[in-house]
Structures are given as structure tokens and as C-alpha cells.
Amino acid sequence: MASDLSSRFVEHLRQSRHLTASADDRTDAAGQDGSERRRLKLWEICDLSANEFADEAARFHGLERVSLQDMIAASPLVAAFTQRFLREMVVFPYQSSDGRATLAVADPTDIAVQRAAQIVLGQDVLTRVATSEDIALVLNQRLDLEAADPAGGIASQPREDDIESLRDLASGAPVVRAVNDLLEKAVELRASDIHIEPFSSGLVVRMRIDGLLRPVAAPAGVLPQAVISRIKIVANLNIAERRLPQDGAARLRAGRTDIDIRVAIMPMQHGESAVIRILPKDRGLLMSERLGFSARDDAALRRLLKLPHGMIVITGPTGSGKTTTLATILSMLNESSRKILTIEDPVEYEIPGVNQAQVKPAIGLTFAAALRSFVRQDPDVIMVGEVRDNETAQVAVHAALTGHLVLTTLHTETAAAAVPRMLDLGVEGYLLRSVLRAVIAQRLVRQLCERCKAPRLLAESDFSQDHRLMTFGFHAGELLQQPCGCERCGGTGYRGRLGVFEVLELTDDLRELIGEKTDGLKIDAMAIRAGMTTMLDDGIAKCRAGLTSPAEILRVTTVR
């Protein structure tokens, strides 16, 4: 009976021209090797997709189709079968909504499998047709749950055959399409990061747009583990390692845009979390006007860049635009008469004419090691992506002492705080007094959407709700722009970001304060008395210019 059914189905495919004539011998040979091998051979030589093949099989045999969502929602009956049987036969037993035992099959001509299910389940079993991909997906999910520790702990390291199955699943069209769609959506929304987070209810996906996280729809119809595995494959990571953090990178195309991505994987309670940082290749012209420097600070920056040697430090938290500012400064310095070397982690902006290198700690290429080699390359300007330790700080300071202009970054709250931080890293006070020329602190604020922003007079109620407005110098009746929201900005009222800055130039008086136990607050206070514009002052000026809102300034800065 089974042989007759399969022969008729093969003939049907051949007459429908879904089976090529050149495949006849392969089909006949496969038919002699048993149902499983015959079915696989038939799929290989059929020009139908997995969904089209399942639709054609269901139509020919008069059976109903079952979707992945229905199988995932149903109560599984997999405990009565061995994993090997379910995977090799590509079937999924479950209980339908009306309580009947049902068997989802990819090959309805395999009557022996259906009879085996009836014997095991001890009742009449309904047969439904699903794609092999959908069955593999739901089997991976259900069998992983069955194998999990009953106390809720993490399951043991998967066997080799499970890893290969997961690799095949992650390379399947539904999962590949889901990850590609996520990347394309992120590029379309101008997102800088994609956060994929596992919870007991499933994956939660958020994208960081203009500095704030925004929830988006998670991929539907695919297993969370398969999505994470696909991301690992793209980033050349080990999909078998689920217990330790991993970092990777890749260059790919999302829609019509070439992008670099940086991937960070972290094991969590309900699976693995992935954060994808997106670095578009076409990031626009690097000009100081685009950064948002005030006229005074821009003039100070250009004056500093004419110095032949010394150290200029950019400070701010992660994601505050330090790398963009450094890249813009390098573009301003980039002339044929200068040799510029950079060591970064990673190289986010590729600047023609600038020699850029990326750290590779695995082979010993650290910031400090690269810096030692740089001074033998006869450079004029050296850029160090970040000073993280004593060794890098010492080498960077000595490079500045020996006649190079050194640009680098630190993580500090204010510009003045960079001085005690460098001392904390082990730099001698007298050396820091000799080399440090300026510190630029910055934050990023969202820029008001030019299309929908609207003027609004500040009322007394605004000051009662937030007393800081009075401290900032605003007064009732002052006209400011407020966010409204439109289609262009996605209803947020903001589109794009700009920086708020404070430029601390080291004068002779400020250098006198640099000692072994320097107080950053004293440096800050003296610099403000000398006329330094703080980030708060710069932000207030941008509010009055209609570029951003007081709420944004309050979000990223504090009163000092």
C-alpha cells in the first residue's frame, strides 16, 4: 500500500513537472532504500520549496495542513517516543484542540510510521501534513524542554548530533530570513544596536534608536535558540558553547546598505542574550559642524589641533559619541603632510589616508603593544581608541612626550575628572602636567524633528513640576521648541542626535593643581571660573536655539 502511494505521488510530481526527467533514475534508486532515504532524495530533486512540497502532498493525499504556530501551541506527546525515531522519521505527535492524538508528518506515504504511532499511543491517530522545517523546529523546542533539568537548571551540554541539527536549523530559510529582516529593520529605523533577550515567554527584541531602546516585534514562527545560533554563525562564533560569553564580528549587506556588526553573546537564565551593534559603512561626512560644537568650542578645538605634540583626551560614558568625535578630529588632521596611526577596538570609521589597526588580544596585539610599535613608524599623530590600563596610559604619555600628538578616550563623568583618572591609572603627576593639553567631555542628546517641532511658552506649572528648570536659568514665558511627533520621526518628536560638550584647556593655573592627590572638583571649579562652558551650559544654549528640549538636557546632564 505504502509503495503504491509513493509511486503514485512520484508520478503525480513528474506529470506536474515538479520532478525533472533527469532525476528519474535517482528517484527509482532512492525508492529501494526505505522511506526515509527515498523521501530525502525526492526533496532534493524536486523543484518545490518545503512549503510548496507540503501543500502538494496534503492536496494529493486529501489531508489537512498544520502550521508551526499550531504545533507549538499544542500539547506534545513526544515522551512516548525516542528522540531518534521522531528526528529520523520527521514526525511530531501532539494532542489537538479537540483532545485527539494527532501526528504531523512530512511524508504522508509512510504508512509504517503512522501505524507505529497508533500502536504507541493506543488510539486512532489523525494525520496532518507539515513541512520538514516546521517539524524540525518544534521537535528541537519540545525535545530540549523534555531534556532540561526538572529543577529549572540549565540542561547539560548538547550532544554532537544535536549541535549539527541546530546548525542545520539555523541555516534554514525561515531563520535566515528572520535574522535578515531584523537587520534590515534596524538599518531602516537608524538603530545603533539590536538587543535580543530571552525570557520564559519567548524572545524580546528591542532596538536602540537615537540613544533610547524601543521594543519591536520578535521573529515569529522560529525557535529562539535557532535565532541565536544563526547570529553566532554569521559572527563566526561557536554555536555549541552556550555557557560562556562570546564576542564576534561580521561584515554583511542589509537591504541596500553595507554594514559591519559587532556581536556580544551572554548566557542568561532562560537562554542566551545577543546584542548586535550596527556600524553602517556610509556614515556621512565627518565634519566638526555636524558634531554640534559651539562657535567658541569649535575655535578652541581648531587651536588645539595645531599643536605639534601633547595629549588630547575625549571623555564620556559608553555610547556618548566619543569615537565619532575622534574620527572627525582625525579627518580634520588628515593631510598628506601628516602620518596618522590609530589602534582601535573596533575600527568603526574607515578614513582614507589614515593607517588604522584593530586590537587582537588573542595574539598579543593590545593597545600598549601597538603603541610601542607605532613610535617606530615615525608618525605625527597617534590615536588610541581607549586608555584602559596602566601600561597603555604610560606608553601613551611617553609617546606624547617624545613629540607626537596623541588622541585618546577615557570613561569619566566630566572633563576635569579625567585628571584624577589618569593619575589613578599610574601616570605620574609631573608627566601629566607636561603632556595633557585639553580634555573634551561630551554627551549625546536627541535632536528635535525639524518637521514637527512646535514652539511653546514655559508656564509656571512647568517650574513646579521640575525645579531644575529655574536652576538652569529658564523663566516663565520663555519660548522653547517642544517635540510633537510625526511619521518622519516615528511619533517620538526627535530624529537624530547631536552632542553637548565642554572643552577643558589646561592653563598654567590648572596645571598647578595637578598633583599626586588631585581633586577633580577643584579643577572643575577653577575652569568654570575661567570661563569654561559646561555640558549643561552648552545644552541650555541648544535648547534656546530650538535644537533640542529641556527634557533631553535633564536626561543626560546634571547641575554642578
Side-chain angles (χ1 to χ4, degrees), residues 49-51 133 137 166-197 203-211 213-239 246-265 272-286 290 319 321 323-324 327-328 330-331 342 344-354 356-360 385 488 490 495-497:
S49 68
N51 272 302
E133 292 176 350
L137 277 167
L166 187 59
R167 189 187 301 277
D168 293 340
L169 191 61
S171 301
V175 179
V176 171
R177 192 181 307 115
V179 173
N180 288 345
D181 288 346
L182 266 183
L183 291 169
E184 290 180 17
K185 186 177 184 66
V187 171
E188 178 186 344
L189 294 175
R190 302 174 295 105
S192 59
D193 302 88
I194 306 173
H195 294 248
I196 303 171
E197 301 157 325
L203 284 183
V204 172
V205 179
R206 296 184 290 173
M207 295 185 182
R208 191 174 293 280
I209 302 168
D210 291 335
L213 286 172
R214 185 188 303 177
V216 298
V222 292
L223 288 179
Q225 194 176 359
V227 173
I228 299 298
S229 295
R230 177 61 191 169
I231 293 170
K232 287 181 179 180
I233 290 172
V234 169
N236 297 312
L237 300 177
N238 180 9
I239 70 168
Q246 296 187 71
D247 294 318
R251 176 171 295 182
L252 44 86
R253 190 169 184 83
R256 297 181 179 180
T257 306
D258 290 324
I259 61 173
D260 281 348
I261 63 171
R262 301 291 181 266
V263 176
I265 304 292
E272 291 175 289
S273 170
V275 176
I276 305 172
R277 170 154 287 190
I278 299 173
L279 311 171
K281 305 306 293 179
D282 53 341
R283 303 187 69 165
L285 296 174
L286 295 169
R290 290 175 177 260
T323 303
T324 302
T328 302
L330 289 178
S331 296
T342 78
E344 306 170 58
D345 183 23
V347 176
E348 293 190 19
Y349 292 88
E350 291 185 7
I351 307 172
V354 175
Q356 297 173 269
Q358 181 166 323
V359 298
K360 297 175 182 175
R488 179 174 180 266
R495 184 177 173 87
R497 289 188 289 177

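Across all their heavy atoms, Ile239 and Ser229 have their closest contact at CG2-O, 3.8 Å. For the residue pair Ala226 and Val175, the shortest heavy atom distance occurs at O-CG1, 3.4 Å. Taking both residues in full, the closest heavy atoms of Ile265 and Glu272 are given as CG2-OE2, 3.6 Å, listed atom of the first, atom of the second, then distance. For the pair Ala235 and Ala250, the tightest heavy-atom approach, listed with the atom from each and the gap, is CA-CB, 4.4 Å. Residues Arg251 and Asp260 share a closest heavy-atom pair of NE-OD1, 2.9 Å.
Taken to the nearest 0.5 Å, the CD atom of Gln225 stands 8.0 Å off from the NZ atom of Lys232. The distance from the CG atom of Asp345 to the NZ atom of Lys360 is 11.5 Å, given to the nearest 0.5 Å. We find the CG-NZ distance between Asn180 and Lys185 to be 14.5 Å, quoted to the nearest 0.5 Å. A distance of 9.5 Å separates OG1 in Thr323 from CG in Leu279, rounded to the nearest 0.5 Å. Between the CG atom in Leu182 and the CZ atom in Arg177 there is a gap of 13.0 Å [rounded to 0.5 Å]. Separating the CD1 atom in Ile196 from the CD1 atom in Ile276 is a distance of 4.5 Å, to the nearest 0.5 Å.
Looking at heavy atoms from C-beta onward, Ile261 lies in side-chain contact with Leu252 at the 4.5 angstrom threshold. Looking at heavy atoms from C-beta onward, Val176 lies in side-chain contact with Arg230 at the 4.5 angstrom threshold. Using a 4.5 Å heavy-atom threshold, the side chains of Tyr349 and Thr324 count as touching. Side-chain contact between Leu203 and Glu197 is absent, with no heavy atoms from C-beta onward closer than 4.5 Å. The shortest side-chain heavy-atom distance between Val275 and Ile194 does not fall under the 4.5 Å cut-off. For the pair Ile231 and Val263, the minimum side-chain heavy-atom distance is below 4.5 Å. Under the 4.5 Å side-chain criterion, counting only non-hydrogen atoms from C-beta, Met207 is not in contact with His195.
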- Check against side chain to side chain donor-acceptor pair (under 3.5 Å), Glu344 and Gln356: CA-CA 7 Å; Glu344 306 170 58; Gln356 297 173 269; 3.0 Å; yes
- Query: Between Arg262 and Glu348, is a salt bridge (Lys or Arg N to Asp or Glu O under 4.0 Å) present by the stated rule, with each step listed?
  - Reply: CA-CA 10 Å; Arg262 301 291 181 266; Glu348 293 190 19; over 6 Å; no
Pairs under 3.5 angstrom only: tabulate donor-acceptor contacts from the side chains of residues 186-193 to other protein residues two or more places apart or in another chain.
unit_1	atom_1	unit_2	atom_2	d
Arg190	NH1	Asp210	OD1	3.1
Arg190	NH2	Asp210	OD2	3.4
Ser192	OG	Arg208	O	3.4
Asp193	OD2	Arg277	NE	3.0

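Here the side chain of Arg253 pairs no donor or acceptor atom with the backbone of Ile259 at under 3.5 angstrom.
Every residue two or more places apart in sequence or in another chain that forms a side-chain contact (heavy atoms from CB on, under 4.5 Å) with Asn238 is listed here: Ala240, Glu241, Gln246.
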